[in-house]
Amino acid sequence: MTQKQIIDFGNGTETVYRTALYLRLSQEDGDKSESDSISNQRKLLMDYIRGKREFRLVGEYVDDGCSGSNFERPAWKRLYKDLESGLVNCILVKDLSRFGRNYIEVGRYLEMTFPVLGVRLIAPGDSFDTLKERTGGDFLTVPMKNLINDYYCREISRKVTIQLSAMRKRGECVTSFVPYGYIKNPSDRSKLIVDMVAAEAVRQIFDWKLEGYGNRTIAQRLNENGVLSPYEYRISNGGRMGSNFKKYPKARWAAGSVYSILHNECYTGTMVQGKHKKLSYRSDERVLLPKDEWTRVPGTHEAIVERNIFDRVQEIMQREIKTTGGECAATLSGFLFCGVCHRQMTIKSTYRGDRVYRYYVCKDCEKAGRSSVRISEKKAMAGILREIHDMSVTAAEVESLEFSAERSGDVKSLDRELLELQEEADHCQSLKNRLFGDYSAGVLTRQEYIDYSKYYSDKIVRAEHESEMVEEKRARLISEISDNSWIPAFKKYSSVTELNRPLMSELIDRIFVSRGGQMEIKFRRERAIRARKEAARSESVIGTTL
């Protein structure tokens, strides 16, 4: 492969280099000065080669918006292929920082790769030319410049990281792409506003999930209804998107995109950012952070989905619902649990002629050789309907009942626990107060006095800390059992004759099935319901006594 072209211009031969301009700009690297703009880089380099016959311009390669901390840049990759093939054997860059800011990688190219390929690199802004450096120049200045460029890039990266972190904590949107269903506010690009058209699709996705449809079925329904996928919708609104993973001429809804929407807490009005972290300023590779390290700021924008609906959908998906061959999950799937091992029960089907009989069974008990725990779907549904009707009657009876959460059994139990902790703290304080008298009387040595004093002080602090935790628990419990939202929820199902998944997810947490097919139903707001029942029984006893 010939790297140089020798041309006779009449007054002797000269080497002519097939020259490419390489231009790069990145706001991440702090390239904000006018002199660093692509147009100014181009002008400077064209002025440099003007009138010089040794350079024959064969191409221009531009990486606009690409960091110099690594060489994962589209234009640079194309240029490197042309260097390897011999189409280009000379690179012109404004200065070495335009070439790259990673001093290790830049040094490897200058000292190893380019000499082997016979490539010449010229940076007029740094008065640098590999041809002159190799023929006797001082090469020590180059590593120093590269090191300075690398340090500058690292400092810029650190400052940008700090700034973005502060913006995220304030609830400002710092991402380029916003979740489907939102757009950036034109008057404040750090805020989100609802995109009414896409938001309707988001609400429909959550509604279908509550009804028990699988992600693949939801995607299929969206496609059949002509709803544009997030990719196509953004394109239709003038957005720019890459197409590296596009399989079809028109991108369609898929189970994965539905799954992402259903898991995105942003739809509740909470800004969630900082899920990933770059491994290094030199690399674009990112790692997923633990959820407790994500930045969450509630109430930063209008919600598309109510919080209670979002939470119910999360619980439904956590149940790992399995379908029974249809497009919708079985009504009781994910709700029935074994009363022996507390594992989720599995639905099975048997056929007798044209009729299908479904039942739920605990596979783990079967594998362990224990007595089978099973119940027919028909029996389970009948039992659940009876319980719901009974609860509807209870809800109507206790709705107008005068109620005080402080009188509930669960709250009274915490009150007793608080009293015991207070008595323990008072007792330890009394014993501690006597120590100095015992020390003064010579009953205790100085070291014994110090040790006992510390022992009782620690017990007092521990009792006070536990008291604070119990008081917080008591406050949460009172708030929980004072919530009357379960009453209208049960009343509206007083005459229901058939179960469905929205009803199940609204009223029931889980159902434990014991041997013999007996069920223990755990309703949502279980403690609030129990407190109201206690109050109703108490009032009944008082009325009877009077």
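All values below were derived from every heavy atom in this structure, side-chain atoms included, with hydrogens, water molecules and symmetry-related copies excluded.
For the residue pair K184 and C173, the shortest heavy atom distance occurs at CE-SG, 4.0 Å. Between L289 and G274, the shortest heavy-atom distance links the atoms CD1-O, 3.5 Å. Of all the heavy atoms in Y360 and E377, the pair that sits closest is OH-OE2, 3.9 Å. In this structure, C365 and V373 approach most closely via the heavy-atom pair SG-CG2, 4.3 Å.
If you take CE on M504 and CG on D509, they are separated by 10.5 Å, rounding to the nearest 0.5 Å. The CD1 atom of I49 sits 12.0 Å away from atom CZ of R56, with the distance rounded to the nearest 0.5 Å. Rounding to the nearest 0.5 angstrom, the gap separating the OG1 atom in T217 from the CD atom in E211 is 12.0 Å. For the atom pair CD1 (I38) and NZ (K94), the distance works out to 11.0 Å, reported to the nearest 0.5 Å. Atom-to-atom distance recorded for L92:CG and R42:CZ is 13.5 Å, nearest 0.5 angstrom. Within the model, atoms CD of E293 and NZ of K291 stand 13.5 Å from one another, a figure rounded to the nearest 0.5 Å.
In this structure the side chain of L121 never reaches within 4.5 angstrom of the side chain of D129, judged on heavy atoms. For the pair S505/E315, no side-chain contact is recorded, criterion being any heavy-atom separation below 4.5 Å from C-beta on. Considering only heavy atoms from C-beta on, S229 stays 4.5 Å or farther from S257 through its side chain. A heavy-atom distance below 4.5 Å is found between the side chains of V88 and Y61. Counting only heavy atoms from C-beta outward, the side chains of V313 and L210 approach each other to under 4.5 Å. Two residues are said to be in side-chain contact when any heavy atoms from C-beta on lie closer than 4.5 Å; I205 and L222 meet this criterion. Two residues are said to be in side-chain contact when any heavy atoms from C-beta on lie closer than 4.5 Å; R252 and E232 fail this criterion. A 4.5 Å side-chain heavy-atom check between S26 and S67 finds at least one atom pair inside the cut-off.
At least one donor-acceptor pair closer than 3.5 Å links the side chain of D126 to the backbone N or O of L96. Looking at D63, its side chain does come within 3.5 Å of a backbone N or O of A75 through a donor-acceptor pair. A donor-acceptor pair is defined here as one N or O able to donate and one able to accept, closer than 3.5 Å; such a pair exists between the side chain of R24 and the backbone of S97. Formation of a donor-acceptor pair under 3.5 Å by the R18 side chain with backbone atoms of G86 is found in this model. Side chain of T19 to main chain of Y17: a donor-acceptor pair is present (N/O by atom type, distance under 3.5 Å, no hydrogens or angles). No side-chain donor-acceptor contact under 3.5 Å links T175 to the backbone of V178. Proximity of a side-chain donor or acceptor of N225 to a complementary backbone N or O of V227 within less than 3.5 Å is not detected. With hydrogens and angles ignored, the 3.5 Å screen pairs no side-chain donor or acceptor of Q273 with any backbone N or O of S165. The backbone N or O of E302 lies less than 3.5 Å from a partner atom in the side chain of Y182, making a donor-acceptor pair. Put simply, the side chain of R98 never gets that close to the backbone of L23: no donor and acceptor are under 3.5 Å apart.
Using a 4.0 Å cut-off between charged side-chain N and carboxylate O, E200 and R203 make a salt bridge. Comment: K52 does not engage E54 in a salt bridge, judged by the lack of any side-chain N to carboxylate O separation of less than 4.0 angstrom. Note on E265 versus R296: salt bridge recorded, some NZ/NE/NH1/NH2 to OD/OE distance being below 4.0 Å. A salt bridge between K43 and D47 is present, with a side-chain N of the basic residue lying under 4.0 Å from a carboxylate O of the acidic one. Classification of R108 and E105 as a salt-bridged pair holds, one side-chain N sitting under 4.0 Å from a carboxylate O. A salt bridge links R307 to D311: one of the charged nitrogens lies within less than 4.0 Å of a carboxylate oxygen. Checked for salt-bridge contact, E506 and R524 miss the test: no charged N lies under 4.0 Å from a carboxylate O. The pair K77-E72 meets the salt-bridge criterion, since a charged nitrogen lies less than 4.0 angstrom from a carboxylate oxygen.
Between W253 and Y180, the ring planes are perpendicular. Angles over 60° get that label, and only those under 30° would be called parallel. Relative orientation of the F114 and Y109 rings is tilted, given thresholds of 30° and 60° on the angle between their planes. Between Y267 and F206, the ring-plane angle classifies as perpendicular under the 30° and 60° cut-offs.
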Exercise for the section: Decide side chain to side chain contact (heavy atoms under 4.5 Å, CB included) for R358 and S349; before the verdict, give the C-alpha distance in whole Å, the side-chain angles of both, and the deciding distance to 0.1 Å. Expected result: CA-CA 4 Å; R358 296 192 181 95; S349 301; 3.6 Å; yes
Practice task
Would you sort out whether S69 and R101 count as a side chain to side chain contact (heavy atoms under 4.5 Å, CB included), showing the intermediate values?
Solution key: CA-CA 5 Å; S69 61; R101 293 185 184 273; 5.6 Å; no
Salt bridge (charged side-chain N to carboxylate O under 4.0 Å, His left out), that's the test. Do E172 and K191 meet it? Break it down for me.
CA-CA 6 Å; E172 298 178 21; K191 303 297 182 183; 5.8 Å; no
- Would R527 and L477 satisfy side chain to side chain contact (heavy atoms under 4.5 Å, CB included), going step by step from the backbone distance to the final call? CA-CA 8 Å; R527 288 194 288 197; L477 178 61; 3.6 Å; yes
Stepwise ring pair (Phe, Tyr, Trp, His ring centres under 6.0 Å) check, Y80 with Y22: CA-CA 11 Å; Y80 188 73; Y22 180 69; over 10 Å; no
Quick one, W76 with F99, criterion ring pair (Phe, Tyr, Trp, His ring centres under 6.0 Å). Give me CA distance, side-chain angles, the key distance, then yes/no. CA-CA 9 Å; W76 167 253; F99 178 54; 5.3 Å; yes
Please test F128 against I122 for side chain to side chain contact (heavy atoms under 4.5 Å, CB included), starting from the C-alpha separation and ending with a verdict.
CA-CA 6 Å; F128 175 78; I122 304 172; over 6 Å; no
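In this structure, R221 forms a cation-pi arrangement with Y213, its terminal cationic atom sitting closer than 6.0 Å to the ring centre and no more than 45° off the ring axis. F335 does not carry R510 over the face of its six-membered ring by the limits of under 6.0 Å from the centre and within 45° of the normal.
Shown here is H465, whose NE2 atom has no more than 12 heavy atoms of other residues, nucleotides or ligands within 6.0 Å. By the 6.0 Å contact criterion, CZ on R343 is open, its count of non-hydrogen atoms from other residues, nucleotides or ligands being 12 or less. Counting heavy atoms of neighbouring residues, nucleotides and ligands inside a 6.0 Å radius, atom NZ of K473 does not exceed 12 of them. Within 6.0 Å of atom OH in Y48, more than 12 heavy atoms from other residues, nucleotides or ligands are found, so the atom counts as buried in its surroundings. Under a cut-off of 6.0 angstrom, the local environment of CZ in R73 is crowded, with over 12 non-hydrogen atoms contributed by other residues, nucleotides or ligands. More than 12 heavy atoms of other residues, nucleotides or ligands shown are found within 6.0 angstrom of NZ on K275. Heavy-atom neighbours of E306 CD from other residues, nucleotides or ligands within 6.0 Å: at or below the threshold of 12. Shown here is R216, whose CZ atom has no more than 12 heavy atoms of other residues, nucleotides or ligands within 6.0 Å.
With 3.5 Å as the limit, one finds no donor-acceptor pair spanning the side chains of R120 and T130.
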